[in-house]
Number of protein chains: 2
Amino acid sequence: MRRVTIHDVAGKAGVSAAAVSHAFNDPERLRATTVERILVAARDLGYAPNPHARALHSRRVGVLGVLFPQPIATVFANPFFASFLAGIGTVTDEQGIGLLTVTPLRGSLEHAIASAPVDGFVIIGLDERHGEVAPLRKRGVPFVIVDGDAQTASSVNVDDESGAYAAADLLLERGHRDVLVLTFETPQEHLDNPRYGVGGRRLRGYRRAFADRSLRLRSERLIPTPVTLHGGDEAFSAAWEGGTRPTAVLAVSDIIAMGALRAARRLGVRVPEDLEVIGFDDIPLAAASQPPLSTVHQPIPEKGRVAIRLLIRELDEGGPRERIVLPTDLVLRESTKGGSESGSKRSLTRAAENLAAS
Amino acid sequence: MRRVTIHDVAGKAGVSAAAVSHAFNDPERLRATTVERILVAARDLGYAPNPHARALHSRRVGVLGVLFPQPIATVFANPFFASFLAGIGTVTDEQGIGLLTVTPLRGSLEHAIASAPVDGFVIIGLDERHGEVAPLRKRGVPFVIVDGDAQTASSVNVDDESGAYAAADLLLERGHRDVLVLTFETPQEHLDNPRYGVGGRRLRGYRRAFADRSLRLRSERLIPTPVTLHGGDEAFSAAWEGGTRPTAVLAVSDIIAMGALRAARRLGVRVPEDLEVIGFDDIPLAAASQPPLSTVHQPIPEKGRVAIRLLIRELDEGGPRERIVLPTDLVLRESTKGGSESGSKRSLTRAAENLAAS
DNA sequence: AACCTTTCATGAAAGGTTTCAGGCGCGAGT
DNA sequence: ACTCGCGCCTGAAACCTTTCATGAAAGGTT
């Protein structure tokens, strides 16, 4: 069964193929009656312009890719990414752009990137000098890096270090001296190098808060934890059963924190009376947890919106590279004592403001 | 800046364009040394085959679309869809297939469908005879319908009615006579017609349980509710403040049920002592809510997996149409009295089993 | 009636790849 | 001596659309 092409429509309407193309793309150039005739023929035949042929010619498909270094199932299981994608989606929907989630195919990110029919990428959690990203530059495919460092591309980050500092500082200020820190399961060298992603920057913030009071964050209090409810639960209960009796928990991610909350409840540890807990991210669920989670807020959907706008701008006008850092903000709820005052909202930079405006 | 093409590589490697093509697609046909030479040239130039040109010729892009009738932000905010997409993703990742989420662009689903560069669609929550879906058939684009009726395409559904029946039956069996039913905000005619989607079928199950005990589900106990935490919260508190004092709640969705749970806690209504609550879907969060939510389990990721496998099979072999119905299962947790026994797992049909097998 | 402008429509080329049907050179079979 | 088959590679066509330059017809002016 051959697919119906522009020529079939042309034949049926008694015009040339070019005329059919015009009827769809620039109807002004044709007489109204002709356009009508063509459109009717097209509908009868069930014709729709072939997106590939169109893309081949115009060098645009109208689809942007969001690149994740982990399997797609992991991505969708993570509320952080859901929120991020939702932010991106608000922009693409209204601009008439499609969204392709690009994840390693059969384990190969390289293959996934090469075969993705997109006009550009938003890359999250992967550094520009990562082996799979570099070829994009060479091929002239534009991209924007989120939560990572970039020299030759625009990037969108969040002030992880300040946020982490604020969280740790609050706990230390309140006199906590035995703080359990639940970190990402990232290789040590990445955690130590702030250029390598969020994990390192957040940890650095915690450490600086300790250092500023001449304290030290002892490495046996640092527990690498899978970013799942179960991971956080497990990590906290294991520590507890190992005899550790922390009076506070700092988690680099809300999911992990919520897992710890669950474990604490099960173990009969009262939050916040016996244990204060602060997460990171402020995912939508954080406010709905039991008890509502104090956390470092970052504007997740904005991050997505800013990134995709930057990408679209680069695509449309070849706009200048920008390096944007969005503010973080300590939000106190009920997993810390003294209820729900919130940190001060710092103002966005001018550039970020324009891009964040809906 | 011209993009590097197959001809550039051919020139550099001193072979024809066809040879380059073979080097990538069917290396066996070329001498090993030639392949090597071509690949080196390609890497030096930063060449990657243009996906559009390739798709134009082969009539395959290696991307499948998942079609949602609502804005993308809504989709990603909904844990049900996240879980569904995760299920689909496990299959596409391992098969090397890309995933495009297709949602109305600038409000036009028709435009979104027409311009999506995909080989086929999984369509969720939209009926086959919907105006936007019909043209696909004509254009020969294969699709599979999920949570909807289909005559000319394969479909994957869940036994909504039995699940709903089981939930309502349990509550009535326990003597509840004042049950609040939180439904979707679907037009009445859709709710009444079981062919029109899940809402209608679930409601029908509830109703049948009432009818079987010669009771009637009074329409003022039926409250249309937005599918959000807030929606469920609002709906329950509004009813309570209006003087209604139900002893049980049936919600057509877990999110709604969890909203009701939250409202109940705020109003000082004890669950399950004063109020028993049963949701629908069994999203991952349901087990983690406070208290853990009793609900009608449906195999969400399996639904995605089965649907996408059906689609892939149709694409590859033009396999036969199938109409699959997966089982639902009442799962009792702590939002109902008497703890956590669970209903019997009914077995899948043979066809569904093959497709669900990971 | 000749000429000029507009308006509407077309043919052909371009965009980058894959595939089909050979071509080339050479040794083996007849 | 001729053909065939083999291994390796290539030219050209096909995939479907858009756009550029151009042509034809229609309508108006002198």
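Just so it is clear: chains get the letters A, B, ... in the order the sequence lines come, proteins before strands, and each one is counted from 1. Source: prediction; values computed, not measured.
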Non-hydrogen side-chain atoms of B:Asp8 and B:Tyr47 separated by less than 4.5 Å: no

Length of the CZ-P vector between B:Arg60 and D:dC16, whole Å: 15 Å

Derivation and outcome, side-chain contact (heavy atoms from CB on, under 4.5 Å), residues A:Leu67 and A:Phe143: CA-CA 10 Å; A:Leu67 185 61; A:Phe143 57 89; over 6 Å; no

Pairing of A:Asp44 and B:Lys138 as salt bridge, 4.0 angstrom limit: no

Heavy-atom pair of closest approach, residues B:Ser83 and B:Ile300: CB-CG2, 3.8 Å

Interatomic distance, B:Glu28 CD vs D:dC6 P [rounded to whole Å]: 18 Å

Phosphate-side-chain proximity, B:Arg31 and D:dC9, N/O vs OP1/OP2 below 4.0 Å: yes

B:Arg60/B:Asp316 salt bridge by N-O under 4.0 Å criterion: yes

For D:dG28, the Watson-Crick or wobble partner whose two distances fall under 3.5 Å: C:dC3

Atom-pair distance (CG on B:Leu30; P on D:dC6), nearest Å: 19 Å

Sequence-aligned protein contact record of nucleotides 12-18 of chain C, with B where the base is within under 4.0 Å of a protein heavy atom and S where only the sugar-phosphate is: --BBBBB

Minimal non-hydrogen separation, B:Ser155 against B:Ala150, with atom names: CB-CB, 4.1 Å

A:Arg29 CZ - C:dT10 C1' separation (whole Å): 11 Å

